[in-house]
Amino acid sequence: MDYNRLADLLFPDVTLYPEDMEKRYPERSLPEGAKVTRIAPSPTGFFHFGGLFPATVGERLAHQSGGVFYLRIEDTDSKREVEGAAEFITKILDYYGLHFDEGVTADGDKGDYGPYTQSQRVGIYHVYAKQLVRDGRAYPVFSTDEELDELKAADKKAEIKSVNWEEEAEARREAMLARRQFTMEQVEAELAAGHRFALFAAADGDPEKKLKVTDLVKGTLEIPENDEDVVLLKSDGIPTYHFAHAVDDHLMRTTHVIRGEEWLPSLSKHLMLFRYLGFRAPKYMHIAQLMRLDENGNKKKLSKRDMGANLDDYRRMGYSVKAVNEYVMTLLNSNYEEWHMQNPDKDREEFPFSVKKMSASGCLFDIEKLNDVSKNVISRMTASEVYDGVLAYAETEDPEFYETLAADRAYAEKILSIGRGGNKPRKDFAVWADVKPYMSFFYDKYFTREDEMPADRDRADIVKALLGFLETYDSRDDQNTWFEKCKDIAESIGYARETKLYRKEPEKYRGHVGDVASFIRVAVTGRMNSPDLYEVINILGEDRMRQRILDETELLK
RNA sequence: GGCCCGUUGGUCAAGAGGUUAAGACACGGCCCUUUCACGGCUGUAACAGCAGUUCGAAUCUGCUACGGGUCACCA
């Protein structure tokens, strides 16, 4: 067979050669050891939470080494493409603090190795496709539209459990061998009839022979050589992932391909393609998948449908970017947490991220741990930072609360300052959504009496204590004086001045000072629990405090 | 089913031939405390199994079991 002629027949419009591409996209001049990484999502309008892992690793590796981190959009599957998805991706990645040096951005492509959207690179793929035909490594397969439809319909077959794998494999093999048989005349006839073709790479591997590959996280892998022909170009001329991966990562000079371990089974194909194309293969890192527990208690890959799979959900649930990022980092390098405790003031960028520390096995997503990380993150923020965080969250998720907060920043910050700072800060919030119920009683329009007065205390005592409090209250008192007065009130109604005294001899008293504090707390906040009462009253102001206590005593009568 | 990957407490995990097998989360107890949220102390709990190598194995090898991934003109 005259492969040169076949190549011209198949790709009459392609006039460039691989050498031209090499010239157009030369080796990058970067410092020794600099890594070039990328993330390459499909524009489906959905960004998987798990996608944050390879993205974070790529970002850290590139920027830790003075290299390049870029974003490439893999839109080779038009069926799954969603309008505006690329924009959504750039937005959400930016939101999560992943900053790119190159690639698709909100204002178009940035960088010398573009275009960075695969659908705009078809001409480039065809140059290499034509070369592979010339080399006798790739061949066309013609299909009519009906046959194509059938293929698509057959997709579901793989989902049916009762596949006879042996028969299936044999049939596949036979079909493959049959496809490889064709004559130039047949090709000419098909072309003349206007039929479209898919381009396949003929596999030359022997699965009995193993290939030793080093994966930076999995270690040394032994994978069988590839003996399955690989689809390079689909009938519409668009490349498959496999082909685009080889061409793009070579031309964009990616040094490290970081992706999920679901790609491991096709690694053999990719390595073959790199060899056919005469490219040096990049270093690979296959990252273990994030898992969830199914109803039988087995681990399952966290898939699109699962709760918590959508990265954007975390924003909606009110997790801060920092918390999510720290959680991810904790899972990626488990010594991060320890490092962070020892270096509380240092930024995540300063952490010596290590590939060696990464786990080869998939871990379970643990919302409890995320919450803990998140509480710590928020507890370290200033009141002003918390305010900004809540405000940004409420703007989209709770517009009414947003208005309330925005109306008086100083007031909200005062509330958020309670118990903040110092080395034992309060840890009340795991998510921004926790803030509203926490501070609601500070706003008259949200104030409700949620908890009752303690049932085991005398109503008349309560009223006496409350009125006594109003009588002696002086807003100029410091906390100590204020609480001494509470003790006086306790004593005046036959309660113990100290809680300890009461515990020792409960029969001697009708209650204790803690009860008095509770009465005031319930009257003022409507709850049994609240942050520091003295500060709460100071922030609320004397007038509102008096009004609420008066209202409460009315209710008790 | 073939192929590949994985397996240390409930979860995330240190650990790289000799350790009382870290730590964090969760859970329990005690303490602190005017409630809550913190904080301190403390407890329960693990090397999947079996062989082999070795004076000695969580660490090396093999097998088994279990779990996961994957087998598209999807990525």
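Values in this document were obtained by computation on a predicted structure and should not be read as measured data.
Residues A:R121 and A:D248 are paired through a salt bridge, judged by an N-O separation under 4.0 Å between the basic side chain and the carboxylate. A salt bridge links A:D249 with A:R38; the closest basic N to acidic carboxylate O contact falls under 4.0 Å. A salt bridge between A:R426 and A:D428 is present, with a side-chain N of the basic residue lying under 4.0 Å from a carboxylate O of the acidic one. Taking 4.0 Å as the cut-off between side-chain N and carboxylate O, A:E225 and A:K209 do not count as a salt-bridged pair. A salt bridge links A:D204 with A:R137: at least one charged nitrogen is closer than 4.0 Å to a carboxylate oxygen. Salt bridge absent: A:E222 and A:K210 never bring a charged side-chain N and a carboxylate O closer than 4.0 Å. Between A:K414 and A:E535, none of the side-chain N atoms (NZ, or NE/NH1/NH2) sits under 4.0 Å from a carboxylate O, so this pair counts as no salt bridge.
An OP1 or OP2 oxygen of B:U70 is reached within less than 4.0 angstrom by a side-chain nitrogen or oxygen of A:K301. Distances shorter than 4.0 Å separate some side-chain N or O of A:T76 from OP1 or OP2 on B:A75. Taking 4.0 angstrom as the limit, A:K234 places a side-chain polar atom (N or O) nearer than this to OP1 or OP2 of B:A75. Applying the 4.0 Å criterion to OP1 and OP2 of B:G15, one finds that A:K357 has a side-chain N or O inside that range. In this model, the phosphate group of B:C4 is approached by a side-chain N or O of A:K210 to a distance below 4.0 Å at OP1 or OP2. For A:R172, a side-chain nitrogen or oxygen approaches OP1 or OP2 of B:A72 to under 4.0 Å.
At a threshold of 4.0 angstrom between heavy atoms, the contacts of A:F483 include nucleobase atoms, whether or not backbone atoms are also involved. As judged by a 4.0 angstrom heavy-atom cut-off over every strand, A:P207 is placed among residues making no nucleic acid contact. No contact: A:V513 has no heavy atom under 4.0 Å from any strand. A:T499 comes within 4.0 angstrom of the backbone, heavy atoms only, and of no base. Residue A:E368 is classed as a sugar-phosphate contact, given heavy-atom separations below 4.0 Å to backbone atoms only. Using a 4.0 Å heavy-atom distance criterion, A:K300 is classed as a sugar-phosphate-only contact. Among the protein residues, A:N371 comes within range of no part of the nucleic acid, since none of its heavy atoms lies under 4.0 Å from any strand.
Nucleotide B:A37 holds its P atom 17 Å from the CD atom of A:E535, rounded to whole Å. For the pair A:I89 CD1 and B:A75 P, the computed distance is 14 Å after rounding to whole Å. In this structure, A:L533 atom CG and B:U34 atom P are separated by 12 Å, rounded to whole Å. Put simply, CH2 on A:W165 is 11 Å from C1' on B:C3, counting in whole angstrom units. Between A:K269 atom NZ and B:C4 atom C1' there is a gap of 12 Å when expressed in whole angstrom units. Rounded to whole angstrom, the span from the CG atom of A:D515 across to the P atom of B:U33 amounts to 17 Å. Atom OH of A:Y284 is separated from atom C1' of B:C5 by 17 Å (rounded to the nearest Å). Across the protein-nucleic acid pair, A:D236 atom CG and B:A75 atom P stand 10 Å apart, rounded to whole Å.
Rounded to whole Å, the separation between the P atoms of B:A26 and B:G40 comes to 13 Å. Atom name C1', nucleotides B:G18 and B:C25: the rounded distance is 31 Å, in whole Å. Nucleotides B:U54 and B:U59, compared at atom C1', are 13 Å apart to the nearest Å. A distance of about 30 Å separates the C1' atoms of B:G52 and B:A22, rounded to the whole Å. Comparing the C1' positions of B:A58 and B:U42 gives a spacing of 27 Å, expressed to the nearest Å. The same atom, P, is picked in B:C38 and in B:C71; the two are 45 Å apart, to the nearest Å. Spacing between B:A21 and B:G28 at atom P, rounded to whole Å, works out to 27 Å. Taking atom P in both B:U11 and B:G49, the straight-line distance is 15 Å, to the nearest Å.
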Strictly under 4.0 angstrom, non-hydrogen atoms only: write out the protein contact profile of nucleotides 7-12 of chain B, one letter per nucleotide from the 5' end, B, S or -. ----SS
Before giving the answer on ring pair (Phe, Tyr, Trp, His ring centres under 6.0 Å), spell out for A:Y438 and A:F429 the whole-Å C-alpha distance, their side-chain angles and the decisive distance to 0.1 Å. CA-CA 9 Å; A:Y438 171 85; A:F429 317 127; 4.9 Å; yes
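Set against B:C38, B:U34, B:C73, the side chain of A:K424 has B:C38 as its closest nucleotide. The side chain of A:E262 sits closest to B:A75 out of B:C36, B:U34, B:A75.
With hydrogens and angles ignored, no donor-acceptor pair closer than 3.5 Å exists between the side chain of A:R527 and the base of B:U35. Within 3.5 Å, a donor on the side chain of A:Q479 pairs with an acceptor on the base of B:U34, or the reverse.
No donor-acceptor contact under 3.5 angstrom links the side chains of A:Y241 and A:D77, judged on distance only.
With respect to A:I520, the side-chain contact (heavy atoms from CB on, under 4.5 Å) criterion is satisfied by exactly one of A:L466, A:I462, A:L470: A:L466. When each of A:F365, A:Y319, A:Y314 is tested with A:Y327 by the rule ring-ring contact (aromatic ring centres under 6.0 Å, His included), just one qualifies, namely A:F365.
Ring geometry, A:Y502 versus A:H512: the interplanar angle falls from 30° to 60°, so the pair is classed tilted. The aromatic rings of A:F274 and A:H245 stand perpendicular to each other, their planes meeting at an angle above 60°, with 30° marking the opposite boundary. In this structure, A:H286 and A:Y284 have parallel ring planes: the angle between them is below the 30° cut-off, well short of the 60° mark. Classified by interplanar angle (parallel below 30°, tilted 30° to 60°, perpendicular above 60°), the ring pair A:W263/A:H270 is tilted.
Within a heavy-atom distance below 4.0 Å of RNA chain B, the residues of residues 222-229 of chain A found are A:E222, A:P224.
Look at A:Y241 and the base of B:C74; the rings do not stack under the cut-offs of 5.5 Å between centres and 30° between planes.
Residue A:R426 is the one, among A:R426 and A:R80, whose nearest nucleotide of RNA chain B lies closer to the 5' end (criterion: closest heavy atom).
Stem analysis of RNA chain B (at least three stacked-register Watson-Crick or G-U pairs, each with both distances under 3.5 Å) gives B:1-7 with B:65-71, B:10-12 with B:23-25, B:27-31 with B:39-43, B:48-52 with B:60-64.
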